[in-house]
Every structure is written in C-alpha cells, then in structure tokens.
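Comments concern the structure below.
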Amino acid sequence: ALDAGNGDAGVELSYSYGFDKDSVKMLDSLRAGARLGSQQCLIKLENMYLGGNYGQQKDKAHGACYKTLRDELDLFEQPQTIPDFDERCPQLPVLPYNLP
C-alpha cells in the first residue's frame, strides 16, 4: 500500500513491525508514510520522539520537526508528498525496540 502511495499504511505496517520488535523497519515504515504526507505517521513520529516511546531516545527538537511538517500540510490536498522530508527531519540513530 505504501508503494501505491497510501501513506497511512505506514502506521499499520509499523504496528506489525512493533510486534516483531523491529525498530528499524518500524521507523522506516513510519518515515515512508510521512514522506507521502501521512498526518497519522507524522503524529506517531512526533509522539515517539517527544515521549521517548518505543525505545527511541526522547528528543523534543526532533519531535517538533514532525509537528512543523504536519502543520504545513494542506488538509484538503491529498495526497501531498513532502519532497524535502529527509533533509528537514533526518533520521536519528535507531535504538533497539523495547517496551516499558
């Protein structure tokens, strides 16, 4: 579904990788969806870094990056890709997935 341009599929895919505790693929799927303009993926990434969830290091500045991108999206124009996504919110080192 991601390959077909459905960015929201990144959230569902991330849940699957979360069950497998695969941090790399989980973040890759969320970032792929966010790149396609998925607000759901951007919210999940924002919350992940604001709260230090899913084993990722808490980083308020990085979380705010995803919020800024989300705020810039036009809710009525879909799909809306973010071509400079990787430059504006570069991927941080991925930590092992763990739950509290």
Side-chain angles (χ1 to χ4, degrees):
L2 277 171
D3 291 339
N6 181 356
D8 291 342
V11 172
E12 298 302 321
L13 191 55
S14 76
Y15 290 135
S16 297
Y17 291 127
F19 288 127
D20 293 338
K21 297 186 179 190
D22 188 334
S23 296
V24 173
K25 289 183 180 177
M26 182 180 175
L27 285 169
D28 284 349
S29 63
L30 288 172
R31 288 180 58 81
R35 217 175 271 110
L36 292 171
S38 167
Q39 290 201 26
Q40 291 180 31
C41 288
L42 288 166
I43 289 169
K44 189 141 178 88
L45 286 163
E46 175 189 352
N47 290 332
M48 182 182 297
Y49 287 103
L50 288 178
N53 299 323
Y54 304 103
Q56 300 313 298
Q57 184 123 0
K58 187 183 279 192
D59 187 324
K60 290 184 179 185
H62 199 65
C65 177
Y66 297 111
K67 181 178 181 347
T68 299
L69 290 176
R70 186 168 48 90
D71 290 344
E72 292 174 3
L73 290 176
D74 181 345
L75 298 176
F76 300 104
E77 183 182 329
Q78 295 296 327
Q80 186 174 0
T81 61
I82 304 172
D84 58 349
F85 175 81
D86 291 312
E87 290 80 33
R88 294 183 63 192
C89 294
Q91 185 164 333
L92 297 179
V94 180
L95 302 175
Y97 183 103
N98 60 15
L99 291 173

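Worth saying up front: this structure is predicted, and the values here are computed from it rather than measured.
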I need the [X] [atom1] to [Y] [atom2] distance, nearest 0.5 Å.
| X | Y | atom1 | atom2 | value |
| --- | --- | --- | --- | --- |
| F19 | M26 | CZ | CE | 10.0 Å |
| M48 | I43 | CE | CD1 | 13.0 Å |
| D8 | L13 | CG | CG | 12.5 Å |
| E72 | T68 | CD | OG1 | 6.5 Å |
| R70 | S38 | CZ | OG | 11.0 Å |
| E12 | L2 | CD | CG | 11.0 Å |

- Query: Can you name the residues that form a salt bridge (charged side-chain N to carboxylate O under 4.0 Å, His left out) with E87, not counting sequence neighbours?
  - Reply: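 Partners of E87 by the salt bridge (charged side-chain N to carboxylate O under 4.0 Å, His left out) criterion come out as none, since no residue qualifies.
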
- Note on the structure: By salt bridge (charged side-chain N to carboxylate O under 4.0 Å, His left out), K67 pairs with (sequence neighbours left out) D71

- Query: Does anything in residues 3-35 pair up under disulfide (SG to SG under 2.5 Å), and if so which pairs, sequence neighbours excluded?
  - Reply: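 Residue pairs with at least one partner in residues 3-35: there are none.
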
- Message: side chain to side chain contact (heavy atoms under 4.5 Å, CB included) for R35 and T81? Distances and angles first, verdict last.
- Response: CA-CA 6 Å; R35 217 175 271 110; T81 61; over 6 Å; no

Please identify each residue that fulfils side chain to side chain contact (heavy atoms under 4.5 Å, CB included) with [X], with sequence neighbours left out.
| X | result |
| --- | --- |
| A1 | N6, A9 |
| I82 | L42, L69, L73, D84, F85 |
| K60 | L50 |
| S16 | none |

- Item | Qualifying salt bridge (Lys or Arg N to Asp or Glu O under 4.0 Å) pairs with a residue from residues 23-33, counting only residues at least two apart or across chains |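 The answer is R31-D86.
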
- Message: Is it true that, when you exclude Q57 itself, more than 12 heavy atoms of the residues, nucleotides or ligands shown sit nearer than 6.0 Å to its CD?
- Response: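 Not more than 12 within 6.0 Å, no.
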
- Message: By the ring pair (Phe, Tyr, Trp, His ring centres under 6.0 Å) test, which pairs, at least two apart or in different chains, include something from residues 26-51?
- Response: Y49-H62

- Message: Applying disulfide (SG to SG under 2.5 Å), can you list everything that pairs with C41, at least two apart in sequence or on another chain?
- Response: none

